[in-house]
2 protein chains.
Amino acid sequence: MAFTFSLSNSSGVPYYRQIVNQVIFGVANGMLKPGERLPTVRQLAVDLQVNLNTIAKAYSELEIRGVVNTQQGTGTFVSERNPELHPEEKQKEIERLCGRFLDEIAAMGLHSREVISTLTTIIQERTKKDTEGR
Amino acid sequence: MAFTFSLSNSSGVPYYRQIVNQVIFGVANGMLKPGERLPTVRQLAVDLQVNLNTIAKAYSELEIRGVVNTQQGTGTFVSERNPELHPEEKQKEIERLCGRFLDEIAAMGLHSREVISTLTTIIQERTKKDTEGR
DNA sequence: TGTATTGTAATAGTTATCTATGACAATACT
DNA sequence: AGTATTGTCATAGATAACTATTACAATACA
């Protein structure tokens, strides 16, 4: 299965950051192998219907963080040895994500346990939809 | 217990929107009674350490949506009869919130059921902290 | 050597959110 | 009547995240 990118415009998370996250977690989950080539900036820009600069910004950050190696004229590749996102860090990232979500809930005066039940319901629905889709 | 506002700067949700949401849900949850007075724009700006205009923008949107009545020189009050946020709408809003959260999770290639366990753990920790705090 | 493909960079413009500041207008209060 | 308090408005500026466009530079490849 090939690794694919996707963007959500409703989450409030900037596009370039979504791409950065997807690569980092893609590597952490073994869906992106060291040495594997990422789409060209132009191609991904077309695929995601986003500006070239947005992709370039994401790749540039990934380069700085050592997640990928880029070579002008050649392409962008997943680093051979990836220093980033040890299991603990991955867990921390998940916790940050959850924390923000709970903050939002709390700000609305909602009870988290009620929201969880909605959450699980939606998950069930989506899982069902995915299964049917095959 | 008096109704209090709080802002999170890490959620990506604009301040003015957080305030709007808190009032709407505060009303829906009965924590804000019809006729009840909201803090003045200046006071709330000081409390939340945010610019006056940001509060004014939130109140203005609430006024337009019929959630509050404002009178220059007098103050801002929760509408006597509030048309907004019937139970179904409240549920829809929760679902939107959950949907965005799940989108973020999916974008990172995380499995939602694993995240849920982290979520419940954090909730337990926070509940514990709140209980100890009393 | 030429040509296409890669990433990079510069510039300009848009939109949303927020800050800072100062002024104005309606109401309440003494 | 005068003064303080309320919400409102206008202007200017900052920042972040984009889009659009054009050009340049390094590499690959025929």
Side-chain angles (χ1 to χ4, degrees), chain A residues 5-23 32 35-80 100 103-104 107, chain B residues 5-23 32 35-80 100 103-104 107:
Chain A
F5 291 87
S6 68
L7 292 182
S8 154
N9 63 353
S10 67
S11 65
V13 182
Y15 292 158
Y16 80 92
R17 183 139 309 284
Q18 293 183 44
I19 295 168
V20 168
N21 285 339
Q22 284 173 44
V23 172
L32 283 173
E36 187 171 342
R37 180 182 193 162
L38 295 182
T40 71
V41 288
R42 283 175 180 80
Q43 186 56 53
L44 192 50
V46 170
D47 289 349
L48 299 180
Q49 297 186 46
V50 129
N51 193 273
L52 176 156
N53 299 328
T54 305
I55 310 295
K57 185 174 182 181
Y59 279 13
S60 161
E61 178 168 331
L62 287 165
E63 165 78 38
I64 290 168
R65 291 171 68 168
V67 181
V68 303
N69 298 120
T70 59
Q71 274 222 325
Q72 198 165 332
T74 309
T76 302
F77 303 84
V78 177
S79 292
E80 286 300 334
R100 285 207 302 266
D103 283 346
E104 271 193 84
Chain B
F5 291 87
S6 67
L7 293 181
S8 153
N9 62 354
S10 66
S11 65
V13 181
Y15 291 158
Y16 80 94
R17 184 139 310 284
Q18 292 182 43
I19 294 167
V20 168
N21 284 339
Q22 284 173 43
V23 171
L32 282 173
E36 186 170 343
R37 180 181 195 166
L38 295 182
T40 71
V41 289
R42 284 175 180 79
Q43 185 58 52
L44 192 51
V46 171
D47 289 350
L48 299 180
Q49 298 187 45
V50 131
N51 193 272
L52 175 155
N53 298 329
T54 305
I55 310 295
K57 185 174 182 182
Y59 280 13
S60 162
E61 179 169 331
L62 287 165
E63 165 77 39
I64 290 168
R65 291 170 68 166
V67 181
V68 302
N69 298 119
T70 58
Q71 273 224 327
Q72 199 165 330
T74 309
T76 303
F77 304 85
V78 176
S79 293
E80 286 300 335
R100 284 208 303 265
D103 283 346
E104 272 193 82

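Per chain, numbering begins at 1; letters A, B, ... match sequence-line order. All figures in this text were calculated on a predicted structure; none of them were measured in a lab.
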When rounded to whole Å, the CG to P distance for the pair B:Leu48 and C:dC18 reads 12 Å

For B:Thr70 and B:Glu63: C-alpha separation, side-chain torsions, deciding distance, then whether side-chain hydrogen bond (donor to acceptor under 3.5 Å, both in side chains) applies. CA-CA 7 Å; B:Thr70 58; B:Glu63 165 77 39; 2.7 Å; yes

Sorted by number, the residues of residues 6-22 of chain B with heavy-atom contact under 4.0 Å to DNA chain D: none

Could you tell me the separation between the CG atom of B:Asn53 and the C1' atom of C:dC18, rounded to a whole number of Å? 9 Å

Given C:dT6, is OP1 or OP2 found less than 4.0 Å from the side-chain N or O atoms of A:Thr76? no

Could you please name the option among C:dT8, D:dG7, C:dT27 that lies closest to any side-chain atom of B:Gln72? D:dG7

So if I take every side-chain heavy atom of B:Thr54 and compare against D:dC18, D:dT8, C:dT19, which nucleotide ends up nearest? C:dT19

Do you know which of A:Asn9, A:Leu7, A:Val23 makes side-chain contact (heavy atoms from CB on, under 4.5 Å) with A:Gln18? A:Leu7

Expressed as a whole number of angstroms, how long is the span from A:Asn69:CG to C:dT8:P? 11 Å

Nucleotide C:dT21, atom C1' - distance to CZ of B:Arg42 in whole Å: 12 Å

4.5 Å side-chain heavy-atom contact, A:Phe5 and A:Asp47: no

Considering heavy-atom distances to DNA chain D, does B:Leu52 or A:Gly73 have its closest nucleotide positioned more toward the 5' end? B:Leu52

Could you go through the side-chain contact (heavy atoms from CB on, under 4.5 Å) check for A:Val46 and A:Arg42 one step at a time? CA-CA 6 Å; A:Val46 170; A:Arg42 283 175 180 80; 5.7 Å; no

Take A:Ile19 and A:Leu48 through the side-chain contact (heavy atoms from CB on, under 4.5 Å) test and state the conclusion after the steps. CA-CA 10 Å; A:Ile19 295 168; A:Leu48 299 180; 4.0 Å; yes

Pairwise distance OG1(B:Thr74) to CZ(B:Arg37) - rounded to 0.5 angstrom: 8.0 Å

D:dA26, C:dT19, C:dA9: which one has an atom nearest the side-chain heavy atoms of B:Asn51? C:dT19

Any side-chain N or O of A:Thr70 less than 4.0 Å from the OP1 or OP2 oxygen of C:dT8? yes

Counting side-chain heavy atoms from C-beta on, which of D:dT27, D:dT8, C:dC18 comes nearest to A:Thr74? D:dT27

Taking atom P of C:dT6 as reference, at what distance in whole Å does atom CD of A:Gln43 sit? 8 Å

Closest heavy-atom pair, B:Ser11 versus A:Glu104, reported as atoms and distance to 0.1 Å, is CB-CG, 4.0 Å

Are the side chain of A:Thr76 and the backbone of A:Leu38 linked by a donor-acceptor contact shorter than 3.5 Å? no

Hey, is the side chain of B:Thr40 poking within less than 4.0 Å of OP1 or OP2 on D:dT5, counting only N and O atoms? no

Does anything in residues 56-64 of chain B come within less than 4.0 Å of DNA chain D? Heavy atoms only, and list the residues if so. none

Could you tell me how far apart B:Ile55 (CD1) and D:dC9 (C1') are, to the nearest whole angstrom? 17 Å

How long is the span from the CG atom in A:Asn21 to the OH atom in A:Tyr16, to the nearest 0.5 Å? 10.0 Å

Just the rounded figure in Å: distance from P of C:dC18 to CG of B:Leu44. 13 Å

